[in-house]
Protein chains: 2
Amino acid sequence: MTQEQYSKYSFLLDRTARKVKQYAQQQFKSGDFDVTVDQWLVLKNLSENDVLSQTELANLVFKDHPTLTRIIDLLCKKGYVERVPHPQDRRSFQLHLTETGISKVTSLRPEIHHIREKAWEKLSPHDFEEFKRILNTIYQNLNGESLDQ
Amino acid sequence: MTQEQYSKYSFLLDRTARKVKQYAQQQFKSGDFDVTVDQWLVLKNLSENDVLSQTELANLVFKDHPTLTRIIDLLCKKGYVERVPHPQDRRSFQLHLTETGISKVTSLRPEIHHIREKAWEKLSPHDFEEFKRILNTIYQNLNGESLDQ
DNA sequence: TTTATATATTTGTCACACTAACTATTGGTA
DNA sequence: TACCAATAGTTAGTGTGACAAATATATAAA
């Protein structure tokens, strides 16, 4: 394999990741989901963890703090999330879903699973496992010291 | 395989694509390359095609037209690319690298191949082929009618 | 020739990624 | 007590991505 070919993966990876996000976003839009793909990821993680600080949530979804601040801002504006001051630590917030947020997650979850499946037509469960293995290996190769997940 | 597991790929794909871009961008920065990862992709494609219109280039790099307009703006400001009015069609430009742009590509190309290889530690040539196959299949599954590449 | 349609590019808006710098607060230590 | 490093979160600046709409020009149809 030549050097030249080795560089191709980054192009295909970026192109496919963008397509996956774009496809999902279009489906979200045509279904009037009222959230973006990234906002959904945050809502989903909040629904699976009763209370989280922004730092804990940032580590779960692998987004940086400024990005998460803005996503939380938007989700608060939409009424799906609330920032509650931490009782002991005045620097931090406890994030939790509102009632509206909980029912939003409940109603969207099955629809989103359906959207996500579309990408796997013509691919096998074995492909799925190999794909996850390779993605995780690449991630760890580039992630310096911390070999999380 | 449950529905839940099937949704995981989109998270891993997005996370890994961001890591790949972030890692490359850090290396670009510490090497004072003076371009971003996306700007490099554009320069590279221009270097492999003598003259291109913005539309032709956009199709090559799979970026939409507004995004490409802005990247070209930046590359022109940096002196790597020139927009030359098309002799017959006054709507379009012929893009080409300047002398500075050509030498920039020549000097960066080997360094960037080196950076790109890092992701493939602990992975085999077979993994590489499987990875490309799966990425392309996903892309085509979500790409509606046009099954390019 | 006039009209309609298609093409090439730009502009504007919103969302996200990354960096750096900043505020406020906490907790340890001298 | 006073200091100082670490932590939680925000703000600002730049680049990119998606989408819609606008502008200018070209080309085909009536």
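Numbered from 1 within each chain, the chains take letters A, B, ... in sequence-line order. These numbers come from a predicted model, not from an experiment.
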task: Sorted by first residue and then second, give each ring-ring contact (aromatic ring centres under 6.0 Å, His included) pair with at least one member in residues 26-61 of chain A; sequence neighbours left out.
output: A/Phe28-A/Phe33
- request: Indicate yes or no for a side-chain donor-acceptor contact from B/Arg18 to the backbone of A/Phe62 under 3.5 Å, with no hydrogens or angles considered.
  value: yes
statement: Nearest heavy-atom contact between B/Thr36 and B/Gln25 is CA-OE1, 3.4 Å
- prompt: Once you round it to whole Å, what is the distance between P of C/dC16 and CD of B/Gln22?
  reply: 18 Å
field: Distance in angstrom units between A/Gln54 CD and C/dA24 P, rounded
entry: 17 Å
query: Side chain of A/Ser53, backbone of A/Phe93: donor and acceptor closer than 3.5 Å?
result: no
- prompt: So, do A/Leu135 and A/Leu13 sit near enough that their side-chain heavy atoms are less than 4.5 Å apart?
  reply: yes
message: Output the rounded distance in Å from CZ (A/Phe93) to C1' (C/dT23).
response: 12 Å
- prompt: Do the side chain of A/Asp127 and the main chain of A/Ser124 share a donor and acceptor less than 3.5 angstrom apart?
  reply: yes
field: Positions of residues 66-83 of chain B (non-hydrogen atom under 4.0 Å from DNA chain C), listed by number
entry: B/Pro66, B/Thr69, B/Arg70, B/Arg83
- prompt: Think B/Thr55 has a side-chain N or O under 4.0 angstrom from the OP1 or OP2 of C/dT9?
  reply: yes
message: Evaluate B/Arg109 against B/Ser47 for side chain to side chain contact (heavy atoms under 4.5 Å, CB included), listing each step before the verdict.
response: CA-CA 11 Å; B/Arg109 191 185 296 273; B/Ser47 80; 3.1 Å; yes
- request: With a 4.0 Å heavy-atom cut-off, tell me which residues in residues 24-39 of chain B come close to DNA chain C, sorted by residue number.
  value: B/Gln26, B/Lys29
query: CG of B/Leu95 versus C1' of C/dT10: gap in Å, rounded?
result: 14 Å
query: Looking only at side-chain N and O atoms, does B/Arg18 come under 4.0 Å of OP1 or OP2 in C/dA17?
result: yes
message: If the test is side chain to side chain contact (heavy atoms under 4.5 Å, CB included), which one of A/Asn143, A/Leu142, A/Asn141 qualifies with B/Tyr23?
response: A/Leu142
field: Heavy-atom closest pair, residues B/Ser107 and B/Pro110
entry: O-CD, 3.8 Å
message: Between A/Asn49 and A/Leu52 (side chain of the first, backbone of the second, donor and acceptor by atom type, cut-off under 3.5 Å), is there such a pair?
response: no
message: Under 4.0 Å, counting only non-hydrogen atoms across every strand here, what does A/Gln88 touch: a base, just sugar-phosphate, or nothing?
response: sugar-phosphate
field: Donor-acceptor under 3.5 Å (B/Tyr80 side chain, B/Val105 main chain)
entry: no
statement: So the contacted stretch of DNA chain D, first to last nucleotide with an atom under 4.0 Å from a non-hydrogen atom of chain B, runs from D/dG15 to D/dA26
message: Distance check needed: C/dT9 P versus B/Asp64 CG, whole Å only.
response: 13 Å
query: Would a hydrophobic clustering, with Ile, Leu, Val, Met, Phe, Trp and Tyr connected at side-chain separations under 4.5 Å, put A/Leu57 with A/Leu74?
result: no
- request: Return the 5'-most residue of the pair A/His65, B/Arg90 with respect to DNA chain D, ranking by each residue's nearest nucleotide.
  value: A/His65
statement: Between NZ of B/Lys63 and C1' of C/dT9 the distance, given in whole Å, is 18 Å
Close N/O contacts between protein and nucleotides 1-5 of chain C (under 3.5 Å):
none

statement: Taking every heavy atom of B/Gln94 against every heavy atom of B/Val51, the minimum-distance pair comes out as CB-CG1, 3.4 Å
- prompt: salt bridge (Lys or Arg N to Asp or Glu O under 4.0 Å) with A/Arg83: which residues, sequence neighbours excluded?
  reply: A/Asp73
- line: Rounded to whole Å, the NZ-P distance (B/Lys21 to C/dC16) equals 16 Å
